[in-house]
Amino acid sequence: KKPGDQVNALLELAGTYIQFGQPQRAKELLVKAEQLHRTLPTNSQIVQTSFEIAYTHYYRAIGDWKQAFEYQQKVFDVERN
């Protein structure tokens, strides 16, 4: 698989872990996806937004409402522009 495809797959899998009540495993995958994403030559705004959405869901799942709100604001800022 291409690294970009791997990043997307990790983000999707992290979302699945969040849905099934395993936020710690999701966090591990989000960190791994970020590390892989940093090796890519381009920084797609779509992928960045996907990370922000994923972290919004992660922080909601662990009850960190302040962080969830901050990541949600980043998503809204992108959508407004």
Is it true that Lys2 and Asp5 have a side-chain N and a carboxylate O under 4.0 angstrom from each other?
no

Cluster check Trp65, Ile62: I/L/V/M/F/W/Y, side chain < 4.5 angstrom
no

Considering all heavy atoms, the nearest Val7-His37 contact:
CG2-N, 3.8 Å

Closest non-hydrogen atom pair, Ser50 against Leu11
CB-CD1, 3.8 Å

Nearest atoms (heavy-atom pairs only) where Ala26 meets Ile18
CB-CG1, 3.5 Å

Nearest 0.5 Å, please: how far is CG in Leu30 from CD in Gln35?
11.0 Å

Drop me the distance from Glu34's CD to Thr39's OG1, to the nearest 0.5 angstrom.
12.5 Å

So Glu70 and Tyr59, do their side chains get closer than 4.5 Å, heavy atoms only?
no

Closest heavy-atom contact between Tyr71 and Thr56?
CB-OG1, 3.2 Å

Relative to the ring of Tyr58, is the ring of Tyr55 parallel (under 30°), tilted (30 to 60°) or perpendicular (over 60°)?
perpendicular

Kindly indicate whether the side chain of Gln24, heavy atoms from C-beta on, has any atom under 4.5 Å from the side chain of Glu28.
yes

Straight-line distance of Gln19 CD to His57 NE2, nearest 0.5 Å:
8.5 Å

Both conditions, 6.0 Å and 45 degrees, for the charged tip of Lys66 above the ring of Phe69: are they met here?
no

When rounded to the nearest 0.5 angstrom, what distance separates CG in Leu10 from CG in Leu29?
6.0 Å

Looking at every heavy atom in both Pro3 and Leu40, which two are closest together, and how far apart are they?
CB-CD2, 3.2 Å

Heavy-atom distance under 4.5 Å between the side chains of Gln72 and Arg60, does that happen here?
yes

